[in-house]
Amino acid sequence: MPAELPVNSPISLPVNLPRHVGIIMDGNGRWARQKGLPREVGHEHGADAVRRVVRAARAIGIEALTLFAFSSQNWDRPPQEVFHLMALLNRYLLEERSEILDNGIRLITVGDTERLPGYVRDPMRELIAASAHHTDMTLCLALSYGGREMITEAARRLCRAVAAGKLRPEDVDARAFEAQLDSSRLLPPLDLLIRTSGEHRISNFFLWEVAYAELFFSEAMWPDFAREHLQAALDDYARRERRFGTVPDAEAAEEPGYPGLFPPQRGKG
Ligand code: FPP
């Protein structure tokens, strides 16, 4: 605890904070339906929740926050809803520009952003460039993003490298594969994945990245999600023991050894 804080300070210092939090923002439509409102109003309140949660994550000290804002499959929604979501993204990028820049936030994206209309792509690229040197937090928007699509693209890149004679097939291992994923170049490993609205699915989000992430499912509909919901997920995360397929250090130290037998099995958790 810093010396200047009194011993009984009510400020709780971040203990075991995840470096990278991903959020599947779900429930905008149901939130609206429950209130007898059009789906679009749900998305508008969802955009307000984005503003709140980015601010909270920055204040708490999260290193990287990825928001699943538009999936590869969302293009198949009715054109009017797609247009509305694009307009909200445009408005978010313009209205939050100064808050992002003033708070040392670096904006990045993952996904097939070439598919986005120019009125989203242009302010997005401008803000990505203007914030590129920031180090206080990374805000990653997953846009036109699909986990399967990203894995397929990584496989394609490796195939090209093999076909060009730059890589041997036997050199294609998990590390080489991961290196082809944009997320691994741009972001720390995913520590915590939150999904709102009480649904328990990954829905083609960070499929590779989720391998050892902790999962947290919130009953809150995304438009209602606020700092206290994020804090609840972080508190839950702080209590978890992450083992990455091994055994806890203490147990490993106690293991008697297996003279003459196979070593104890590791890596199956
Ligand atoms: C899921 O709700 C949410 C989306 C498909 C889009 C998320 C978009 C926003 C939160 C607003 C704009 C984003 C930014 C970054 C400004 P749903 O429509 O699938 O809800 P439902 O499952 O209840 O129908």
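Just follow the structure's listing: the first ligand is 1, and inside any ligand the first atom is 1.
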Problem - ligand 1 atoms in contact with Y92 (distance to a heavy atom under 4.0 Å) - result: 16 (C)
Practice task
State whether the shortest distance between N or O atoms of N28 and N or O atoms of ligand 1 falls below 3.5 angstrom.
Solution key: yes
Exercise for the section: Kindly check if the number of other-residue, nucleotide or ligand heavy atoms within 6.0 Å of CZ (R185) is above 12? Expected result: yes
Practice task
Please confirm whether D26 comes within less than 3.5 Å of ligand 1 when only nitrogen or oxygen atoms on both sides are compared.
Solution key: yes
Practice task
Using a strict 4.0 Å cut-off to heavy atoms of N74, name the atoms of ligand 1 that fall inside it.
Solution key: 5 (C)
Exercise for the section: Using a strict 4.0 Å cut-off to heavy atoms of W222, name the atoms of ligand 1 that fall inside it. Expected result: 10 (C)
Practice task
Determine whether the side chain, the backbone, both or neither of R39 has a heavy atom under 4.0 Å from any heavy atom of ligand 1.
Solution key: side chain
Practice task
With heavy atoms of H43 as the reference, note each atom of ligand 1 found under 4.0 Å away.
Solution key: 11 (C), 18 (O)
Exercise for the section: Please check if atom CD in E228 has more than 12 non-hydrogen atoms from other residues, nucleotides or ligands closer than 6.0 Å. Expected result: yes
Problem - Criterion side chain to side chain contact (heavy atoms under 4.5 Å, CB included) on T66 and V21, from CA distance to verdict - result: CA-CA 6 Å; T66 299; V21 178; over 6 Å; no
Handout entry: Any side-chain donor near an acceptor of the partner, R115 and S144, under 3.5 Å
Key = no
Problem - Heavy atom of the protein closest to atom 14 (C) of ligand 1 (residue, atom name, distance) - result: L89 CD2, 3.9 Å
Handout entry: Output field: ring centroids F206/Y145 closer than 6.0 Å
Key = yes
Exercise for the section: Apply side chain to side chain contact (heavy atoms under 4.5 Å, CB included) to E81 and R39, showing your working. Expected result: CA-CA 8 Å; E81 184 172 345; R39 293 180 61 78; 3.0 Å; yes
Handout entry: Y119 atom OH: more than 12 heavy-atom contacts under 6.0 Å
Key = yes
Practice task
Decide yes or no on side chain to side chain contact (heavy atoms under 4.5 Å, CB included) for V50 and M25, but give the supporting numbers first.
Solution key: CA-CA 9 Å; V50 168; M25 309 183 288; 3.6 Å; yes
Practice task
Look at atom 7 (C) of ligand 1 and say which protein heavy atom is nearest, naming residue and atom and giving the distance to 0.1 Å.
Solution key: A69 O, 3.5 Å
Problem - Residue selection (non-hydrogen contact nearest atom 19 (O) of ligand 1) among R30, R77, M25, Q73 - result: R77
Problem - Heteroatom proximity flag, G29 to ligand 1, N/O under 3.5 Å - result: yes
